[in-house]
Amino acid sequence: MKTDPSPLVSALTMTRNGNAITLCKRFYDRGIYTLSDFKAYLQESPQLQHPMGMVHPSSIHNLLLRYWLASGGIDPDFDVSLKTIPPAQMVVDLQAGTIDGFCVGEPWNQRAAMEGVGFTIATDLEIWPGHPGKVLGVREDWANAYPNTHIALVKALLEACQYCADPENSEEVREIVASREYVNTKEEYILLGNPNSDTCSLDPKTAEYAHHIFHGPGVNRPSRTEHLWHMTQMARWGDTPFPRNWLEILERVCRVSVFSTAARELGVLDTKYI
């Protein structure tokens, strides 16, 4: 049954970073360590299919993967074949050889590296440091009808972000996230905290791992500039036309004032993310 689209608004960025691009280990064994190396490989084998996995056509992973490929002169619509694959299936498909690589959030890049199936060729620290990962989206009509409830929801989730960012809670968070009800993977694949604490064991070394940031100065504040980047990228790849009333749409969708109210009531510093 076809349903009409519902306008959504967002007043909270819940995570930043935490994504990476992984290639199959066979590329590393062939001396492919960089984006330029990967482009040269594609030029040498234009007759072959080069499938790359991403989470969803509307996901940040699709946009990051396209942005990374295009920055190296690779056309994501012609030089490779982008496939939608559930995150938990990525490592299995990589091991089976049905995809050359993928762009996904942790812990799947970490798992591919630790199991020797793939290697991280780029993290979001190389593509867009501090990019928004998960955001809170609610129906516009609901937000307009229940503004106080919307603020209360943002406050509750903002407190949850603070809890996840506290190192004292890392073990509990890892245990919950790794459980069968959620990610269903080994706890050692769930890494929190300083991304530099985990060093690549390959020689030559590849990219470090970029982990999720849940809270910090300005981390959770929604940004209309970041929303604009998404709009331009979606127009760039033909998903949607770039609207003439883009400023009106940004002001309508990105509810900065709701976040500011929630942050002030919780006593959270409200500054722009750097």
Side-chain angles (χ1 to χ4, degrees), residues 17-56 59-62 64-76 78-128 174 177-178 183-192 194-212:
N17 292 344
N19 300 300
I21 297 171
T22 289
L23 291 185
C24 183
K25 182 63 161 48
R26 71 176 184 273
F27 290 102
Y28 181 89
D29 295 337
R30 292 184 54 167
I32 298 173
Y33 309 136
T34 65
L35 177 59
S36 59
D37 293 339
F38 187 53
K39 179 184 178 181
Y41 165 78
L42 296 179
Q43 292 175 329
E44 293 170 1
S45 54
Q47 74 284 0
L48 299 178
Q49 288 286 325
H50 300 288
M52 299 283 289
M54 49 87 179
V55 176
H56 191 275
S59 67
I60 183 66
H61 311 92
N62 181 29
L64 287 175
L65 179 56
R66 286 175 173 273
Y67 191 87
W68 179 75
L69 290 169
S71 71
I74 300 172
D75 191 322
F78 293 97
D79 297 330
V80 298
S81 175
L82 301 187
K83 299 175 59 177
T84 301
I85 303 174
Q89 187 68 26
M90 295 284 191
V91 177
V92 176
D93 282 14
L94 194 69
Q95 189 171 25
T98 56
I99 57 175
D100 286 350
F102 55 71
C103 180
V104 73
E106 296 295 6
W108 309 113
N109 302 284
Q110 179 74 12
R111 177 175 176 178
M114 292 180 70
E115 293 184 358
V117 176
F119 71 101
T120 302
I121 193 170
T123 71
D124 40 20
L125 298 183
E126 286 85 49
I127 305 170
W128 181 6
R174 291 177 65 218
V177 171
V183 178
N184 190 24
T185 191
K186 296 179 181 179
E187 283 189 40
E188 52 261 40
Y189 297 147
I190 310 291
L191 297 183
L192 303 173
N194 182 5
N196 294 322
S197 63
D198 188 76
T199 304
C200 176
S201 60
L202 297 175
D203 188 19
K205 297 186 182 300
T206 61
E208 297 293 332
Y209 301 102
H211 301 301
H212 297 91

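Note that the coordinates shown come from a computational prediction; the quantities given were computed from them, not determined experimentally. All residue numbers refer to positions in the sequence shown, counting from 1.
- Here the CG-CD1 distance, from Leu64 to Ile21, works out to 7.0 Å after rounding to the nearest 0.5 Å.
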Test log, rule side-chain contact (heavy atoms from CB on, under 4.5 Å), inputs Leu82 and Asn62 = CA-CA 8 Å; Leu82 301 187; Asn62 181 29; 3.6 Å; yes
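- Judged by distance alone, the side chains of Thr120 and Asn109 never bring a donor and an acceptor atom under 3.5 Å apart.
- For the 3.5 Å distance criterion, the side chains of His61 and Asn19 qualify, holding a donor opposite an acceptor.
- Atom NE2 in His211 sits 9.5 Å away from atom CG in Leu125 (nearest 0.5 Å).
- Counting heavy atoms from C-beta outward, Pro76 and Leu65 have side chains that stay 4.5 Å or more apart.
- How far OG1 of Thr22 is from CZ of Phe27: 12.0 Å, rounded to the nearest 0.5 Å.
- Between the CD1 atom in Ile32 and the NZ atom in Lys25 there is a gap of 12.5 Å [rounded to 0.5 Å].
- Shown here are the ring-ring contact (aromatic ring centres under 6.0 Å, His included) partners of Tyr189, two or more places apart in sequence or in another chain: there are none.
- For Arg30, the CZ atom sits in a loose shell: 12 or fewer heavy atoms of surrounding residues, nucleotides or ligands are nearer than 6.0 Å.
- Nearest heavy atoms, Ile74 versus Phe38: CD1-CD2, 3.8 Å.
- When every heavy atom of Pro107 is checked against every heavy atom of Thr185, the shortest pair comes out as CG-CG2, 4.1 Å.
- Closest heavy-atom contact between Trp108 and Val91: O-CG2, 3.6 Å.
- Counting heavy atoms from C-beta outward, His50 and Ser45 have side chains that approach closer than 4.5 Å.
- Between Leu23 and Met52 the shortest side-chain heavy-atom distance falls below 4.5 Å.
- Summarising the local packing, OH of Tyr28 is surrounded by more than 12 heavy atoms from other residues, nucleotides or ligands at distances under 6.0 Å.
- Put simply, the side chain of Glu126 gets close to the backbone of Thr123: a donor and an acceptor are under 3.5 Å apart.
- Nearest heavy atoms, Ser81 versus Gln49: CB-OE1, 4.0 Å.
- In this structure, the side chains of Phe102 and Leu94 come closer than 4.5 Å at one or more pairs of heavy atoms.
- Side-chain contact between Leu191 and Gln110 is present, with at least one heavy-atom pair separated by less than 4.5 Å.
- For the pair Arg26 and Gly97, the tightest heavy-atom approach, listed with the atom from each and the gap, is NH1-CA, 4.5 Å.
- Contact check for Thr84 versus Met54: side-chain heavy atoms found under the 4.5 Å cut-off.
- No side-chain heavy atom of Leu69 sits less than 4.5 Å from a side-chain heavy atom of Asp79.
- Residues His212 and Glu106 form a side-chain contact, since some pair of their non-hydrogen atoms from C-beta on lies under 4.5 Å apart.
- For the residue pair Thr34/Asp37, the side-chain donor-acceptor check at 3.5 Å is satisfied.
- Rounded to the nearest 0.5 angstrom, Asp124 CG and Tyr67 OH are separated by 13.5 Å.
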key: Check against side-chain contact (heavy atoms from CB on, under 4.5 Å), Leu35 and Ser71   = CA-CA 9 Å; Leu35 177 59; Ser71 71; 3.6 Å; yes
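- Of all the heavy atoms in Ile85 and Met90, the pair that sits closest is O-CE, 3.4 Å.
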